[in-house]
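Shown next, in structure tokens, is the structure this report addresses.
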Amino acid sequence: MGVALVAALAGRLGRGVYLVAAVPPAAAVVAGAVVAPDVLAGRVLTESHAWAGSLGLEVQLRLDAFALLMVALVSGVGVLVFLYATQYFAGGARRHATFAATLLGFSGAMLGLVLSDNALLLFVFWELTSATSYLLIGTDDRRPEARGAALHAYLVTGGGGLALLAGLVLLGQQAGTTTISGLVADPPTGPLAEAGLVLVLLGAFTKSAQVPFIAWLPGAMAAPTPVSAYLHSATMVKAGIYLIARLAPAFATSSTVWRPLVLTVGVLTMLAGGRRALRQHDLKRLLAYGTVGQLGFLVVLLGAGTPEATFAGCLLLVAHAAFKATLFMGVGIVDHQAHTRDLRRLSDLRRALPGLFAVMIGAGVSMAGLPPLLGFLAKEEAFAALREGGQTLVLAGVVVGSALTVAYTARLLVDGFLRVRSGPDVVGPGAVARPSWAFVAPAAALTVGSLAAGVFPQLVDGLVNAAALALDPAWEGYTLALWHGFTPELALSGVTLAGGLAIWRLAGRTGRLALPELPGGGEVFESGVHALQVGAARLTGVLQNGSLPLYLSVISLTVVSVPGVVLLTRGARLALPDLAANAVQGLVVVVIVVAAVIAAGTGRRFAAVLFLGAIGYGVAVLFVIQGAPDLALTQFLFETLSLVVFVLVLRHLPDRFAIRPPGTFRLFRAVVATAVGVFVAGFALVVVQARTAPSVGREYLDLALPEAEGRNVVNTILVDFRGLDTLGEITVLIVAALGVTSLVAVARQRRRGHETAAREPELEEAGA
Amino acid sequence: MRALVPLPLVLPLVAAALTLVAHGRLRVQRAISLVALTATTAIAVALLALVERDGPAVVTIGGWARGIGIAYVADLLSALFLTVAMATVLCVLAFAVGQLRAVQESRYFHPLYLVLTAGVAGSFLSGDIFHLFVTFEVMLLASYVLLTQSGDDGQVRPAMTYVVVNLLSSTLFLTAVALLYGATGTLDMAALGDRVADLPPAVREALRLLFFLVFGIKAALFPLFFWLPDSYPTAPTSVTAVFAGLLTKVGVYAILRTQTVVFGVGDGSPDGFILVVAGATMLVGVLGAIAQDDVKRILSFHIVSQVGYMVFGIGLGTRAGLAATILFVVHHIPVKTALFLVGGLVEETTGSGALRRVGGLGRRMPAVAALFAPGALSLAGIPPFSGFFPKLALVQAGLAGGQYAIVAVSIVVSLFTLFSMTKIWAGVFWGDPEEPPPLARAREDGPLRPPRLMTAATVGLVAVTLGIAVSAGPLFDLALRAADPLLQAGAGR
């Protein structure tokens, strides 16, 4: 993956950068081939590095035969896609380097995903594929639909990814291990494990575009074709399938939810995808929905958890990667040469692109599951596995789904390439330039491979058998063959073919299938996002309304009420103290209270300041009466100084407060203020009565003269015992002074009109 | 070694005085700030290394016995936070020098910035609850002035909100300290833990909640956070960035420290009230972010949302939960700051951070896009970036503690966070501006070049976040060890 950086640096190479980018996947293919004999023989290669062990996340890599099969697909198709990209992007200024680096980064993440044995490491790569695919789908970032599709894909797969994380953590905690091999070897059971499994499946379903999350995948066709061919056929969408395949053999039997959930979702997806594919005019979207359908098929096979189905699934995995990448590349070529991929505008394409047509037939036949291609073998095995497994209902669904596959294949090949049309918009064969051989070659290579594997199954036999064995140790092995004689599966294939062609004719005639449309398309996503935004805006508008008095009220009430309620309900003990030890105290308290009420109620600034001062002096008198002259002296000094400062500032301010709130709000303020006052006073009485240990104040009194050598204990505290506090407070004062100076300087630069607004904060600073 | 402990407070304060003396000579001021903050960062690293080797270091200022004088305590937790904070402060200093116009910078920026740093450092190191109040004040006063400093018209009103709310919260803090002192007769946090344990349960619980909420105002918890998104986005980016990265986190630190050491949270049982507040904070914060269409405003709301995650770990009350919170703070300080710096780069080159007025910058400033992506994914907790690890730790701790609801909330909030990050990405780096950007050079086509020093500062901070991701394992182990002394009330300090 570090090579992604190298590719990014190779910006000057232009399109050549794709060739550079093809090197790492090619290297992976070679490396895979080197270790293949060992791995196919059943050896498992592992590697382990520390990362975040106490979180259960380690770099634990594991290469078994199934991982090898995935590596071959991911890297093999990767090489071909990079070769294809050199031609696809011919002409046109693009940011090739960024694009190639992102694609390569994706490829690396995908490799990491299939090689991870640590479930959390798998999640890391899983999210990386989501993030890079967001960037890749949004490559044409100036088109709103590309941005929208990227977001849709990312939020659905990203959301699923988060569910996956929670699921993996739950499973891991139940099993006591975070390795996939460990999970599978000893699958945890119980309600928490089941919940974890459902969450994991949710993640897998979103990633592999299963019902009800299918809509993002066709939307993702806004990406350039190399991306679609790679991500949305062969790799990223296979991540979910991969995870299901890994877990199925263990959990299909240990869990009660796994099999019903996986089989239902898979069959429904296969039907929904096939049916929608049939209604598309855009060839790329047709393939996209086709992919959805095939992914459903794969979920059924690899999720069923029986050795036979697993084997069929592995076979279909290979077949699908080959034919779907080919078909996407082919449609990309059509788009590139004819500047449209709307089949209503294409006429007699086989004459314009005969070579490509041959390639497409090959891939299409494989997709439809017809002999002698690999797809046929896969489908036969699938039918057999489901029939022998006794899954009749599932089998029926899969047969119908396969018929739909035949139908949309016919639509692709016949309606797309053979039809002769006329009309103003139609692009005739003359208007379509011949593609270079290099453009068609990657697709052709895959078709030839697919054909060869169909005719000589022994080419893939070893790999697929070993892969199935790696997934499920119960797999006994099986020799593939093109011809098995007249079996029930052959009959089912016949039914599929005939049914498929009939559906295609019918759909072509009526223009649509008389089936109700299920919700779950892009509209649901879009209205969901819209609702979220509107709701968020509304909530924020209410809460965040910009009113400072309201903020202050909410803060005061919250801070007071929560502890207040605890005090009241948990029965804090409060004995009424002596309210006044002597008459003078009582008199002073009355003065303080009256002054406080007037200070709060007055509309004049000067009066407010004077009465605040009166409160302060009153408290100082109380200190004197209580026998604390040091404290009283400090208080007197402070009050006098503040009064002087206030008076100096007030000279510059209007006599009255600028704004008088309306009566109801003043009442509300009075309530808040009273609540705070009562709380603080009450709580103060409670805490003092609750004290068990002597206060440090006693020690200060004892130490003041002998140790700190001062007679005024307040002074010794300020400059000696807690001198650092004083340093801090001095700093605070200096900073406040700086603030005032700087505001005054700003205010001077300003015109007269803004005077009041600028000076309000000065008062605050002075008060601080 | 013990002599080092108060230095992170003293050094910036002395430097602040020096820069004040050098007022009017920007070069000298810059040199002083740079040297002082580099030295402070180095001291923080040294403290972390020493504490890791020898255990906590306690210094009582003035040589008084503990409890009489003010204790400064460097333990793993404070040294770790201090290190991250100082490194961040240093990067932002470089960014600010690159960004601020000379007239802005000359308006006491350097002394104020240094005082702010001293306040932050003092808050982390103080082992005395009243001194914590003082260091908070030092930090806040500097922040008031920094916020109003450039004194533009639009800035005075939001600054008013900030100043007034914080004055209220300081008053409440002081009241809370007075009540705590009234109940226990001491201000030293280690002694407080023991004495609080002897109080009647109702009083103990009421004091605990009072402190939680008082610090909750500073940390911007629901429903106490409304002041933050109103005031942060208006300041110059370098100021907002350091506020965003540090100030609320000092509040979180204070909650973490006092709830555990003083009030005994962390005995393994979850605290329902804290968890509810955490959930609401996460959710309301992220919904606020979704409703915005300006980079700095979106990011400001995310501060709130992310603080919810941090408090979530505290509410779990387990070792794993506290360690997750610690790791979360360590990751969050540089990431959040870096994101604001990226927002600043965008504003600097285009003149606006409004999503309508910028666009397509991925084509024109790919480097800035590349700086944004790791931070954005980090914020959403997407691997392999730094935010993933604390989130993973929280999810694990939450599920292990059986707190499914809050885990579900945190996961949904993650998705919403991702959504709002894609909103910034699509609005800033993709597409085309709907309205022309304010700056003329941004209206023409072709590559844009953000100022070099600002970019370098941002790169530095992003590198820190990537480093956190790479060394997440050792860091989490460190966080676990830092959480240990918090677990038994009164045992730590």
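Numbered from 1 within each chain, the chains take letters A, B, ... in sequence-line order.
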Can you tell which part of [X] gets under 4.5 Å to a heavy atom of chain B, answering side chain, backbone, both or neither?
X: A:D720; value: both
X: A:E707; value: both
X: A:I734; value: side chain
X: A:I717; value: neither
X: A:Y700; value: side chain
X: A:S695; value: both
X: A:L550; value: neither
X: A:A150; value: side chain

Identify which part of [X] has an atom lying under 4.5 Å from any heavy atom of chain A, answering side chain, backbone, both or neither.
X: B:I68; value: both
X: B:L210; value: both
X: B:A376; value: neither
X: B:R204; value: neither
X: B:L480; value: side chain
X: B:V470; value: backbone
X: B:F222; value: side chain
X: B:F212; value: neither
X: B:I217; value: side chain
X: B:L180; value: neither
X: B:V407; value: neither
X: B:P201; value: both
X: B:L179; value: both

Among the options [options], pick out the one with the most heavy-atom pairs lying under 4.5 Å from chain A.
options: B:G122, B:G62, B:A400, B:G398; value: B:A400
options: B:A289, B:P384, B:G69; value: B:P384
options: B:F226, B:Y404, B:F416; value: B:F226
options: B:D198, B:L392, B:L9; value: B:L392
options: B:V395, B:L168, B:L377; value: B:L168
options: B:I61, B:T135, B:L418; value: B:L418

Of all the heavy-atom pairs spanning [X] and [Y], show the shortest one and how long it is.
X: B:K423; Y: A:Q533; answer: NZ-NE2, 3.7 Å
X: B:L415; Y: A:G158; answer: CD1-C, 4.1 Å
X: B:G431; Y: A:D141; answer: N-OD1, 2.7 Å
X: A:V554; Y: B:P223; answer: CG1-O, 3.5 Å
X: B:S414; Y: A:L162; answer: CB-CD1, 3.7 Å
X: B:L199; Y: A:A690; answer: CD2-O, 3.5 Å

Quick check for you: among [options], which has the greatest number of heavy-atom pairs under 4.5 Å with chain B?
options: A:V688, A:L192, A:L155; value: A:L155
options: A:S54, A:G535, A:A166, A:G728; value: A:S54
options: A:L727, A:L539, A:L170; value: A:L170
options: A:A537, A:A693, A:G161; value: A:A693
options: A:T692, A:V559, A:V529; value: A:V559
options: A:E127, A:R147, A:Q173; value: A:Q173

Heavy-atom distance under 4.5 Å between the side chains of [X] and [Y], does that happen here?
X: B:I70; Y: A:D725; result: yes
X: A:T741; Y: B:Y108; result: yes
X: B:F419; Y: A:L532; result: yes
X: B:L187; Y: A:R722; result: yes
X: B:W425; Y: A:L151; result: no
X: A:L738; Y: B:L20; result: yes
X: A:I555; Y: B:S169; result: no
X: B:F388; Y: A:L165; result: yes

When rounded to the nearest 0.5 angstrom, what is the spacing between [atom1] in [X] and [atom2] in [Y]?
X: A:Y551; Y: B:W227; atom1: OH; atom2: CH2; result: 11.5 Å
X: B:L209; Y: A:T558; atom1: CG; atom2: OG1; result: 12.5 Å
X: B:L141; Y: A:L733; atom1: CG; atom2: CG; result: 8.0 Å
X: B:H131; Y: A:L724; atom1: NE2; atom2: CG; result: 4.0 Å
X: B:L287; Y: A:Q544; atom1: CG; atom2: CD; result: 12.5 Å
X: B:L399; Y: A:Q174; atom1: CG; atom2: CD; result: 9.5 Å

**Message:** Using the ring centroid of each side chain, check whether A:Y134 and B:W430 are separated by less than 6.0 Å.
**Reply:**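 Ring centroids of A:Y134 and B:W430 are less than 6.0 Å from each other.
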
**Asked** Is the gap between the ring centers of A:W51 and B:F389 under 6.0 Å?
**Response**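 Yes, close enough.
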
**Prompt:** Hey, does the side chain of A:R691 reach the backbone of B:Y181 with a donor-acceptor pair shorter than 3.5 angstrom?
**Reply:**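 Yes, the answer is positive, given that a donor and an acceptor are paired below the 3.5 Å cut-off.
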
**Asked** Is there a donor-acceptor pair closer than 3.5 Å between any side-chain N or O of B:Q396 and the backbone N or O of A:V169?
**Response**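 Looks like no, no N/O pair under 3.5 Å.
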
**Prompt:** In terms of heavy-atom contacts, does CZ of A:R143 have more than 12 from other residues, nucleotides or ligands at under 6.0 Å?
**Reply:**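 Count over threshold, so yes.
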
**Message:** side chain to side chain contact (heavy atoms under 4.5 Å, CB included) for B:T175 and A:F679? Distances and angles first, verdict last.
**Reply:** CA-CA 11 Å; B:T175 311; A:F679 167 77; over 6 Å; no

